[in-house]
S.K.: 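Please find one structure pasted underneath; my questions will follow.
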Amino acid sequence: MHSTAASTDPVRRAIAVFDSGVGGLTVLGALREAFPGTDFVYLGDTARVPYGTKSAGVVTRYALEAAWYLSQRPLAALVVACNTASAVAIPDLRRAHPDLPIFGVVEPGARAAVAASQRGGILVLGTEGTVASGAYPRAISALRQDAAVRVVACPLFVPLAEEGLVSGPIPELAASHYLDGVLDDSIDTVVLGCTHYPLLRDVIAARTGPHRRIVDSAAPLVEELRPRVDQTSPGQGDLTVLTTDHPTRFLRIGRRFLGSPVTEPTRIDLEALVAEERRRQGGSDAFLLGAAA
Ligand code: DGL
């Protein structure tokens with residue numbers, strides 16, 4: 001467990017960015033651009049991706065395991081870049097790590113939507129898990145009570161983005177399939193509520209039309225993190241990348257998500273590490289929830 005870094009904190013702390021796989025590199029790219037002197041450690045749970053089709057309980061458990069592992073390093077903050085994990089796991093993560101500032105992407109995305117929307121008609125695109133959680137409508141309604149929020153799961157967008165199919169007839173058909181029935185005149189803002197969807201922004205924008213705003217969580221997340229970065233001892237812009245499966249695919253497709261070549265990842269066997277700790281703790285998982293045996 002870490003104490004909150006004060007401006008005098010001499011420890012060099014990284015910002016950890018956690019995602020189900022490669023998609024969170026879109027968020028990491030924005031953070032590294034905004035904070036070039038900060039050290040980052042990125043964990044992509046490529047062995048267990050996708051999270052978007054899994055239950056809230058399973059995703060929360062995965063997120064707790066990742067946070068437990070990452071929190072063994074000196075951290076300035078943990079960013080949950082995955083919308084699905086942000087939608088379901090933030091309260092448990094904060095309870096387990098009360099001294100570690102934890103940032104999700106749903107609230108920043110909701111803020112961006114409310115700032116952009118004139119009439120309050122907001123369409124959120126996300127994974128099945130994000131849609132089922134109701135997290136975006138909750139976060140948006142907390143900021144603007146009269147908002148009319150609709151949410152649509154667009155599961156095909158994830159493999160399309162990973163395959164690099166971000167323009168042409170195939171993604172256009174997928175966009176039309178998901179959007180045509182839900183876009184009515186009341187909607188003036190569309191939220192890209194998934195790490196992968198920014199890659200399909202142009203195709204989505206072509207469908208939603210020039211009169212609707214398209215937003216994601218990157219810019220408001222940067223602003224939310226800025227005070228935390230300002231009070232943390234500067235690093236050297238180092239990036240450590242960890243994956244839970246072999247890094248070949250991650251390296252191949254990661255470049256598109258990050259916008260620059262990806263640092264060679266180190267593979268960690270997170271499930272084995274958790275199992276080892278469970279044995280050490282006499283068979284209890286309480287350590288994942290922040291409790292010592
Ligand atoms: N990272 C996930 C999200 O933003 C998308 C990929 C997945 O389903 O794991 O919701």
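Heads up: numbering here begins at 1 and tracks the sequence. Whatever order the structure lists ligands and atoms in, that order sets their numbers, starting from 1.
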S.K.: Is Glu223 paired with Arg111 through a side-chain N to carboxylate O contact shorter than 4.0 Å?
M.R.: no
S.K.: Could you pull out all residues at least two apart from Phe18 that satisfy ring-ring contact (aromatic ring centres under 6.0 Å, His included)?
M.R.: none
S.K.: Under 3.5 Å, side chain of Tyr42 to main-chain N/O of Leu239, donor-acceptor pair present?
M.R.: no
S.K.: Sequence neighbours left out, what pairs pass salt bridge (charged side-chain N to carboxylate O under 4.0 Å, His left out) with at least one residue falling in residues 116-142?
M.R.: none
S.K.: Given a heavy-atom cut-off of 4.0 Å, could you list the residues near ligand 1 in chain and number order?
M.R.: Asp19, Ser20, Val49, Pro50, Tyr51, Gly52, Cys82, Asn83, Thr84, Thr127, Cys194, Thr195, His196
S.K.: Salt bridge check, Asp188 against Arg213: does any charged N sit closer than 4.0 Å to a carboxylate O?
M.R.: no
S.K.: Quick one: list whatever passes ring-ring contact (aromatic ring centres under 6.0 Å, His included) with Phe257, sequence neighbours left out.
M.R.: His196
